[in-house]
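By convention here, the first residue in the shown sequence is residue 1.
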Amino acid sequence: TNGAFTELGDVATFTFTGLTANTAYTLQVLASNAGGDSATAQTSATTNNVPPPPAPGAPTGLTTSGITQTAVTLSWTKSAGATAYKVRTGTTGAFTVLGDVATYTFTGLTANTTYTLQVLASNAGGDSATAQTSATTNNVPPPPAPAAPTGLTTSGITENSITLAWTKSATANAYKVRKGTDDWTTLGDVATYTFSSLTADTAYSLQVLASNAGGDSAAASISARTLVNTQVVVTPTATIPAQTRDELVLAPAPPRERKPKEPTPIPTPTATPTPIFSTCELLPPSMRVTGYHAVTQCRQVDHRGVGIWEVINAGIVDAVDVWAYIPPDLEICFRNRGSLVILAAENVPRFAEPLPYYLRGGMTCALLNRAGTVVLLHRTLFPGGPVAAPVTPSPTIPARRLLQNCMVTLQYALNFRDSPAGNIMDVLPALVRLTALERSAGWFKVDYHGRRGWVSANYVTPDGAC
């Protein structure tokens with residue numbers, strides 16, 4: 001009853017199309033010529049009812065293929081009368097509507113995971129029941145565990161810290177470090193770590209391992225010793241025999257308060273001169289000087305005492321000044337490994353020269369024939385390596401004598417050795433009283449809580465049949 005008319009020719013019939021099923025329509029017609037339009041004539045008619053087709057049956061023949069770590073392809077046999085399909089993973093959530101297809105690839109999945117895959121058929125009559133199957137994505141194997149780090153070095157050694165560096169392992173994305181048997185500390189993808197809060201003059205086993213999703217590598221380890229506390233004040237009370245100087249274990253003392261220096265009075269000559277005590281016998285355990293004279297002087301120094309940037313940048317591990325009289329057989333040994341240079345006192349200004357060194361008993365040693373500063377370096381400044389160690393005749397160990405009813409009291413903390421002048425097993429505390437089992441020239445074999453070893457006879461007080 002409204003809208004535009006459709007003009008026809010001189011006809012008596014017209015078919016309305018594009019109508020909706022089961023719908024009533026008013027149909028109008030009017031006649032027309034040059035004189036105008038007639039009145040409208042109309043009638044009504046209802047289109048036929050077209051019932052929707054039945055919903056299709058569920059797809060059959062579900063199969064999976066093309067399975068990877070992140071994707072699965074689902075295929076099915078089409079359902080009769082279906083015009084579209086819907087799919088989803090799991091049993092909840094929205095379906096993805098597809099066209100008239102018989103396959104679909106699910107992507108973006110997680111490796112080594114089982115999924116429920118569902119599909120249903122659809123047409124104008126509705127959706128079919130859901131058909132489903134399951135599939136498990138492939139497992140992504142973890143990478144192999146990395147190899148252990150290599151090229152372990154230590155630097156920046158102080159009284160309470162040591163910096164450990166290493167060469168990274170291929171495929172590693174993290175590292176773990178520890179000292180001794182402590183718990184591991186997990187780091188990121190780094191190649192250095194500084195152990196802090198350490199104890200002065202203490203040897204540490206430093207360990208590092210590489211890690212990734214495949215696991216941990218074997219541990220690589222290196223040993224290093226912290227520097228001794230340089231604030232050592234010891235007043236000797238007696239001349240220490242040369243062959244046993246290293247038996248005395250000196251503990252660091254607190255720093256003394258500095259007082260204004262008073263004018264030095266002119267001494268009055270006396271009949272008995274004051275004895276001279278060499279400082280070389282008071283060096284920390286990180287170094288050892290032997291073959292020195294009573295007037296030879298030694299002092300441990302740090303980078304400030306070295307004072308040459310070329311040497312400092314090479315990584316100072318330890319250093320000692322030696323001056324006054326230098327005997328021809330004076331030997332300097334460091335407990336850490338490295339290369340040696342000397343800053344000779346005769347050169348002004350001083351400069352670094354290579355000092356031929358050799359390895360003896362796990363120590364880095366050299367013979368010194370002039371005064372100066374001997375520096376143990378982490379990095380080699382000059383080409384070349386260790387030389388052959390000088391041959392020292394083996395001393396004859398005197399026959400041992402078994403003891404009964406002999407006790408000894410240690411005057412100081414002493415080295416506890418596995419044989420006379422042998423390897424150091426431990427350090428025994430001062431003022432303990434022990435049973436002596438054997439006697440050899442300059443040595444006592446003692447029992448310390450069930451452990452048996454040797455201590456120097458020069459620093460004990462014997463009691464009984466000794």
Novice: Which residues pass the side-chain hydrogen bond (donor to acceptor under 3.5 Å, both in side chains) test with E353, sequence neighbours left out?
Specialist: N347, R370

Novice: Restricting to non-hydrogen atoms, name the atom on A58 and the atom on A129 that form the minimum distance, rounded to 0.1 Å.
Specialist: CB-O, 3.3 Å

Novice: Between L431 and L410, is there a side-chain heavy-atom distance shorter than 4.5 Å?
Specialist: no

Novice: Excluding sequence neighbours, so at least two apart, what forms side chain to side chain contact (heavy atoms under 4.5 Å, CB included) with K176?
Specialist: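 For K176 the side chain to side chain contact (heavy atoms under 4.5 Å, CB included) partners, ignoring immediate neighbours, are W184, T186, L209, S211, D216.
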
Novice: Can you give the donor-acceptor pairs under 3.5 Å from side chains of residues 373-384 to other protein atoms, not counting sequence neighbours?
Specialist:
from : atom 1 : to   : atom 2 : distance (Å)
T373 : OG1    : D321 : OD1    : 2.2
T373 : OG1    : R350 : NH1    : 2.8
H378 : ND1    : T154 : O      : 2.8

Novice: Backbone N or O of L198 within a donor-acceptor pair of the N160 side chain at under 3.5 Å?
Specialist: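 No, N160 side chain to L198 backbone: no donor-acceptor pair under 3.5 Å.
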
Novice: Checking T194 against S161: is there a side-chain donor and acceptor pair closer than 3.5 Å?
Specialist: no

Novice: What do the steps show when you test C365 against F334 for side-chain contact (heavy atoms from CB on, under 4.5 Å), and what is the final call?
Specialist: CA-CA 6 Å; C365 303; F334 296 91; over 6 Å; no

Novice: Identify, with sequence neighbours excluded, every residue that meets side-chain hydrogen bond (donor to acceptor under 3.5 Å, both in side chains) alongside D302.
Specialist: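 Checked D302 against side-chain hydrogen bond (donor to acceptor under 3.5 Å, both in side chains); matches are R304.
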
Novice: With side-chain contact (heavy atoms from CB on, under 4.5 Å) as the test, would you mind laying out the steps for L109 and T107 before giving the verdict?
Specialist: CA-CA 5 Å; L109 307 181; T107 59; over 6 Å; no

Novice: What I'd like to find out is whether the side chain of L164 reaches to under 4.5 Å of the side chain of Y204, using heavy atoms alone.
Specialist: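 No, their side chains stay 4.5 Å or more apart.
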
Novice: Could you point out which residue of L340, I332, V387, V341 forms a side-chain contact (heavy atoms from CB on, under 4.5 Å) with Y357?
Specialist: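 Going through L340, I332, V387, V341 one by one, the side-chain contact (heavy atoms from CB on, under 4.5 Å) with Y357 is satisfied by L340 alone.
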
Novice: When rounded to the nearest 0.5 angstrom, what distance separates OG1 in T96 from OH in Y104?
Specialist: 4.5 Å

Novice: Enter the distance from R452:CZ to E438:CD here, rounded to the nearest 0.5 Å.
Specialist: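 Answer for the CZ-CD pair, R452 versus E438, is 9.0 Å.
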
Novice: Do NZ/NE/NH1/NH2 and the carboxylate oxygens of D127 and K86 come within less than 4.0 Å?
Specialist: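 K86 and D127: salt-bridged.
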
Novice: For the pair T226 (side chain) and T202 (backbone), establish whether a donor and an acceptor sit closer than 3.5 Å, ignoring hydrogens and angles.
Specialist: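 Side chain of T226 to backbone of T202: a pair is present.
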
Novice: State, to 0.1 Å, how close G180 and Q207 come at their nearest heavy-atom pair, and which atoms those are.
Specialist: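 Minimum heavy-atom contact is O-OE1, 3.5 Å.
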
Novice: Among N369, L367, V289, which one satisfies side-chain contact (heavy atoms from CB on, under 4.5 Å) with L330?
Specialist: V289

Novice: Is there a donor-acceptor pair closer than 3.5 Å between any side-chain N or O of N212 and the backbone N or O of T171?
Specialist: yes

Novice: Does anything in residues 88-103 pair up under salt bridge (charged side-chain N to carboxylate O under 4.0 Å, His left out), and if so which pairs, sequence neighbours excluded?
Specialist: K78-D100

Novice: Sort and list the pairs that fulfil salt bridge (charged side-chain N to carboxylate O under 4.0 Å, His left out) and have at least one residue in residues 428-437, not counting sequence neighbours.
Specialist: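 Only R433-D463 qualify under salt bridge (charged side-chain N to carboxylate O under 4.0 Å, His left out).
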
Novice: Where the side chain of N313 meets the backbone of W309, is there a donor-acceptor pair that is under 3.5 Å apart?
Specialist: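 It does hold such a pair.
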
Novice: Would you say the side-chain atoms of R178 pair up with the backbone N or O of D183, donor to acceptor, closer than 3.5 Å?
Specialist: no

Novice: How many angstroms lie between CG in L434 and NE2 in H449, if you round to the nearest 0.5 Å?
Specialist: 8.0 Å

Novice: Quick one: are V190 and Y193 in side-chain contact, heavy atoms under 4.5 Å?
Specialist: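 Sidechains of Y193 and V190: no contact.
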
Novice: Please list every donor-acceptor pair under 3.5 Å in which a side-chain atom of residues 136-151 meets a protein atom from a residue at least two apart or in another chain.
Specialist:
from : atom 1 : to   : atom 2 : distance (Å)
T136 : OG1    : T114 : OG1    : 2.7
T137 : OG1    : T110 : O      : 2.5
T137 : OG1    : N112 : N      : 3.0
T137 : OG1    : T113 : N      : 2.9
T137 : OG1    : T113 : O      : 3.3
N138 : ND2    : I67  : O      : 3.0

Novice: Please list, chain by chain and in numerical order, all residues satisfying side-chain hydrogen bond (donor to acceptor under 3.5 Å, both in side chains) with Y358, sequence neighbours excluded.
Specialist: E331

Novice: Which pairs with one or both residues in residues 143-158 pass salt bridge (charged side-chain N to carboxylate O under 4.0 Å, His left out), sequence neighbours excluded?
Specialist: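 For residues 143-158: none.
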
Novice: Which residues pass the ring-ring contact (aromatic ring centres under 6.0 Å, His included) test with F351, sequence neighbours left out?
Specialist: none

Novice: Is D189 paired with K168 through a side-chain N to carboxylate O contact shorter than 4.0 Å?
Specialist: yes

Novice: Evaluate the criterion side-chain contact (heavy atoms from CB on, under 4.5 Å) for residue pair M363 and R288; output intermediate values, then yes/no.
Specialist: CA-CA 10 Å; M363 303 179 72; R288 183 179 67 195; 3.9 Å; yes

Novice: Between the main-chain N or O of A172 and the side-chain N or O of S169, is there a donor-acceptor pair closer than 3.5 Å?
Specialist: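 The answer is no, because no donor-acceptor pair under 3.5 Å joins these two groups.
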
Novice: Any idea which heavy atoms bring L74 and Q118 closest together, and the distance?
Specialist: CD2-O, 4.5 Å

Novice: State, with a plain yes or no, whether a side-chain heavy atom of N415 is found less than 4.5 Å away from one of V455.
Specialist: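 The answer is no; the side chains never approach within 4.5 Å.
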
Novice: Look only at the side chain of T296 and the backbone of Y325, and say whether a donor-acceptor pair between them is shorter than 3.5 Å.
Specialist: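 A pair under 3.5 Å: yes.
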
Novice: Rounded to the nearest 0.5 Å, what separation is found between the OG atom of S221 and the NZ atom of K179?
Specialist: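 It comes to 15.5 Å.
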
Novice: Within the supplied structure, the quantity of interest is the number of heavy atoms (other residues, nucleotides, ligands) at a distance under 6.0 Å from E346 CD; does it exceed 12?
Specialist: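 More than 12 heavy atoms, drawn from other residues, nucleotides or ligands, come within 6.0 Å of this atom.
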
Novice: Report yes or no: does R439 contribute a side-chain atom to a donor-acceptor pair with the main-chain N or O of L403 at less than 3.5 Å?
Specialist: no

Novice: Which atom names give the shortest non-hydrogen contact between T133 and L62, and what distance separates them?
Specialist: N-CD2, 4.0 Å

Novice: To the nearest 0.5 angstrom, please state how far the CG atom of D418 sits from the CG atom of D426.
Specialist: 12.0 Å

Novice: Once you measure the plane-to-plane angle for F416 and Y448, does it fall in the parallel (<30°), tilted (30-60°) or perpendicular (>60°) bin?
Specialist: perpendicular

Novice: To check you understand the geometry: which heavy-atom pair defines the closest contact between S79 and Y85, and what is its length?
Specialist: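 In this case the closest contact between S79 and Y85 is N-OH, 2.8 Å.
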
Novice: How close do V320 and V301 get, counting heavy atoms only, and between which atoms?
Specialist: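 In terms of heavy atoms, the two residues are closest at N-CG2, 4.2 Å.
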
Novice: Under 4.5 Å between any side-chain heavy atoms of R335 and M287, yes or no?
Specialist: no

Novice: So which pairs with a foot in residues 133-146 pass salt bridge (charged side-chain N to carboxylate O under 4.0 Å, His left out), sequence neighbours left out?
Specialist: none

Novice: With side-chain contact (heavy atoms from CB on, under 4.5 Å) as the test, would you mind laying out the steps for L343 and V311 before giving the verdict?
Specialist: CA-CA 10 Å; L343 312 178; V311 178; 4.2 Å; yes

Novice: With sequence neighbours excluded, give me every ring-ring contact (aromatic ring centres under 6.0 Å, His included) pair touching residues 152-173.
Specialist: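 For residues 152-173: W166-Y175.
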
Novice: SG/C406 to NZ/K445 distance, rounded to the nearest 0.5 angstrom?
Specialist: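 Answer for the SG-NZ pair, C406 versus K445, is 14.0 Å.
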
Novice: Check step by step if salt bridge (Lys or Arg N to Asp or Glu O under 4.0 Å) holds for D318 and R225.
Specialist: CA-CA 10 Å; D318 215 341; R225 192 180 194 94; over 6 Å; no

